[in-house]
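What follows is one structure encoded as structure tokens, with my remarks underneath.
Below, all heavy atoms of this structure are taken into account, side chains as well, without hydrogens, waters or symmetry copies. For clarity, every value in this text was computed on a predicted model and none was experimentally measured.
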Amino acid sequence: MRLNRFISHCGVCARRDADKLIADGLIKVNGAVVTELGTKVQPGKDVVTYKGNKLEIQRFVYILLNKPKNMITTTDDPAGRPTVLDAIESAARTRVFPVGRLDRNTTGLLLLTNDGKLTEKLTHPAHGIRKMYKVKLNKPVEETDFDKLLKGVELEDGVAKFDKIDFVEGKEQDEVGVEVTSGKNSIVRLLFEALGYEVVSLDRTMFGPLTKKRLPRGEWRLLSKEEISFLHMQ
């Protein structure tokens with residue numbers, strides 16, 4: 001098994017990040033520092049260490065959280081603010097990591113796992129994982145802006161767009177549902193702000209094949225085998 005893949009399967013990080021650990025000389029194999037990216041190891045025979053700790057392939061854990069507001073999507077916060085790991089403290093003994101990010105004030109679906117390979121796949125722009133959001137704005141959305149948001153809006157780092165947008169049934173015209181496959185951070189807020197709207201609340205209602213059905217705000221659950229299979233097929 002390639003060393004970066006082994007590190008990923010141990011839950012340390014994704015393979016791309018593992019390459020950096022190797023290149024920086026932070027990984028040892030059988031007591032010797034290894035910096036060659038193509039190095040292969042035999043799990044169960046070779047001893048791989050990181051920061052003095054022996055790495056072992058972990059059982060993968062997949063946790064779906066309905067993230068509440070005012071919670072940081074990170075594994076640690078120097079300011080001492082609550083993080084998403086605090087919300088799933090009793091979910092698993094092994095260390096897990098958020099798949100992508102949700103802003104502090106954004107609520108909704110967040111996947112956490114120690115499966116580095118799947119994390120890399122779900123966050124890579126080439127795979128275009130579908131995300132759906134319910135958005136409340138500070139004023140009604142002009143239907144003419146729908147076309148702009150679907151065709152593309154110029155942002156600081158290039159053009160971005162929604163794949164779908166529509167008014168939320170039974171709500172005022174300041175609430176819309178959007179679908180996006182772009183992997184850019186804060187893409188929903190940035191697109192609306194570029195057209196003069198302020199996002200009052202933002203809730204992710206779907207991530208790939210996963211939905212919030214029967215998952216109250218602030219609660220978490222483990223994924224089923226079927227859901228895990230669907231994610232791997234994305």
Please walk me through it: do Asn114 and Arg95 pass side-chain hydrogen bond (donor to acceptor under 3.5 Å, both in side chains)? CA-CA 7 Å; Asn114 58 344; Arg95 189 168 177 80; over 6 Å; no
In the hydrophobic clustering (ILVMFWY, side-chain contacts below 4.5 Å, transitive), which residues join [X], or is it alone?
{"X": "Val34", "answer": "Met1, Leu3, Phe6, Ile7, Val12, Leu21, Ile22, Leu26, Ile27, Val29, Leu37, Val41, Val48, Tyr50, Leu55, Ile57"}
{"X": "Met132", "answer": "Met206"}
{"X": "Leu210", "answer": "Phe60, Tyr62, Leu64, Val99, Leu109, Leu111, Leu118, Leu122, Ile129, Phe207, Leu215, Leu223, Ile228, Leu231"}

pair [X]-[Y]: side-chain heavy atoms closer than 4.5 Å:
{"X": "Val61", "Y": "Arg59", "answer": "yes"}
{"X": "Leu191", "Y": "Val178", "answer": "no"}
{"X": "Lys161", "Y": "Val153", "answer": "no"}
{"X": "Thr39", "Y": "Arg2", "answer": "no"}
{"X": "Asp19", "Y": "Asp17", "answer": "no"}
{"X": "His232", "Y": "Asp115", "answer": "yes"}
{"X": "Val188", "Y": "Leu202", "answer": "yes"}
{"X": "Glu198", "Y": "Glu193", "answer": "no"}

Any salt bridge between [X] and [Y], counting N to O under 4.0 Å?
{"X": "Arg130", "Y": "Glu179", "answer": "yes"}
{"X": "Asp147", "Y": "Lys151", "answer": "no"}
{"X": "Lys148", "Y": "Asp145", "answer": "yes"}

Take Arg5 and Lys40, measure what side-chain contact (heavy atoms from CB on, under 4.5 Å) needs, and give me the verdict at the end. CA-CA 9 Å; Arg5 184 183 176 198; Lys40 292 188 177 182; over 6 Å; no
Which heavy atom of [X] sits nearest a heavy atom of [Y], and at what distance?
{"X": "Ile187", "Y": "Ser182", "result": "CG1-OG, 4.2 Å"}
{"X": "Asp76", "Y": "Thr74", "result": "O-CG2, 3.1 Å"}
{"X": "Gly25", "Y": "Thr35", "result": "CA-CG2, 3.9 Å"}
{"X": "Pro209", "Y": "Phe230", "result": "CG-CB, 3.9 Å"}
{"X": "Pro82", "Y": "Asn70", "result": "CG-O, 3.7 Å"}
{"X": "Ala194", "Y": "Leu155", "result": "CB-CD2, 3.9 Å"}

Going by the rule side-chain hydrogen bond (donor to acceptor under 3.5 Å, both in side chains), which residues pair with [X] if we only count those two or more places apart in sequence or in a different chain?
{"X": "Asn30", "answer": "Asp46"}
{"X": "Thr205", "answer": "none"}
{"X": "Thr107", "answer": "Asp203"}
{"X": "Asp163", "answer": "Thr181"}

Classify the angle between the aromatic ring planes of Phe162 and Phe192 as parallel (below 30°), tilted (30 to 60°) or perpendicular (above 60°).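 If you compare the ring of Phe162 with that of Phe192, the planes turn out tilted.
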Is there a donor-acceptor contact under 3.5 Å from the side chain of [X] to the main chain of [Y]?
{"X": "Glu219", "Y": "Pro216", "value": "no"}
{"X": "Thr123", "Y": "Gly100", "value": "no"}
{"X": "Ser229", "Y": "Lys225", "value": "yes"}

In a check of side chain to side chain donor-acceptor pair (under 3.5 Å) between Thr106 and each of Arg101, Arg189, Lys67, Lys69, which one passes?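 Of Arg101, Arg189, Lys67, Lys69, side chain to side chain donor-acceptor pair (under 3.5 Å) with Thr106 is met by Arg189 alone.
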Same cluster or not: [X] versus [Y], using hydrophobic residues (I, L, V, M, F, W, Y) connected whenever any side-chain heavy atoms lie under 4.5 Å apart?
{"X": "Leu190", "Y": "Leu150", "result": "yes"}
{"X": "Val176", "Y": "Val180", "result": "yes"}
{"X": "Leu222", "Y": "Leu110", "result": "yes"}

Could you go through the side-chain contact (heavy atoms from CB on, under 4.5 Å) check for Trp220 and Asn66 one step at a time? CA-CA 6 Å; Trp220 61 268; Asn66 188 345; over 6 Å; no
Partners meeting side chain to side chain contact (heavy atoms under 4.5 Å, CB included) with Ala32 (sequence neighbours left out):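 Ala32 satisfies side chain to side chain contact (heavy atoms under 4.5 Å, CB included) with no other residue.
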Look at atom NZ of Lys121 and say whether more than 12 heavy atoms of other residues, nucleotides or ligands are closer to it than 6.0 Å.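 More than 12 heavy atoms, drawn from other residues, nucleotides or ligands, come within 6.0 Å of this atom.
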Under the salt bridge (charged side-chain N to carboxylate O under 4.0 Å, His left out) rule, collect the residues that match up with Asp157, sequence neighbours excluded.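 With sequence neighbours excluded, Asp157 shows a salt bridge (charged side-chain N to carboxylate O under 4.0 Å, His left out) to Lys184, given in chain and number order.
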Residues in salt bridge (charged side-chain N to carboxylate O under 4.0 Å, His left out) contact with Lys45, at least two apart in sequence or another chain: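 Salt bridge (charged side-chain N to carboxylate O under 4.0 Å, His left out) check on Lys45 returns nothing, list empty.
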Looking at [atom1] of [X] and [atom2] of [Y], how far apart are the two atoms once the value is rounded to the nearest 0.5 Å?
{"X": "Lys117", "Y": "Arg15", "atom1": "NZ", "atom2": "CZ", "value": "5.5 Å"}
{"X": "Ile63", "Y": "Leu85", "atom1": "CD1", "atom2": "CG", "value": "9.0 Å"}
{"X": "Asn4", "Y": "Glu120", "atom1": "CG", "atom2": "CD", "value": "8.5 Å"}

Hey, mind stepping through Arg204 and Lys212 against side-chain contact (heavy atoms from CB on, under 4.5 Å) and telling me if it holds? CA-CA 9 Å; Arg204 185 153 74 184; Lys212 296 199 304 177; over 6 Å; no
side-chain hydrogen bond (donor to acceptor under 3.5 Å, both in side chains): which pairs involve residues 164-176, sequence neighbours left out?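 Found Lys136-Asp174.
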Picking from Val84, Thr83, Ile88, what satisfies side-chain contact (heavy atoms from CB on, under 4.5 Å) with Asp86?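 When side-chain contact (heavy atoms from CB on, under 4.5 Å) is applied between Asp86 and each of Val84, Thr83, Ile88, only Thr83 qualifies.
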Which pairs, with at least one residue in residues 105-159 and sequence neighbours excluded, count as a ring-ring contact (aromatic ring centres under 6.0 Å, His included)?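 Listed once each, the pairs are Phe146-Phe167.
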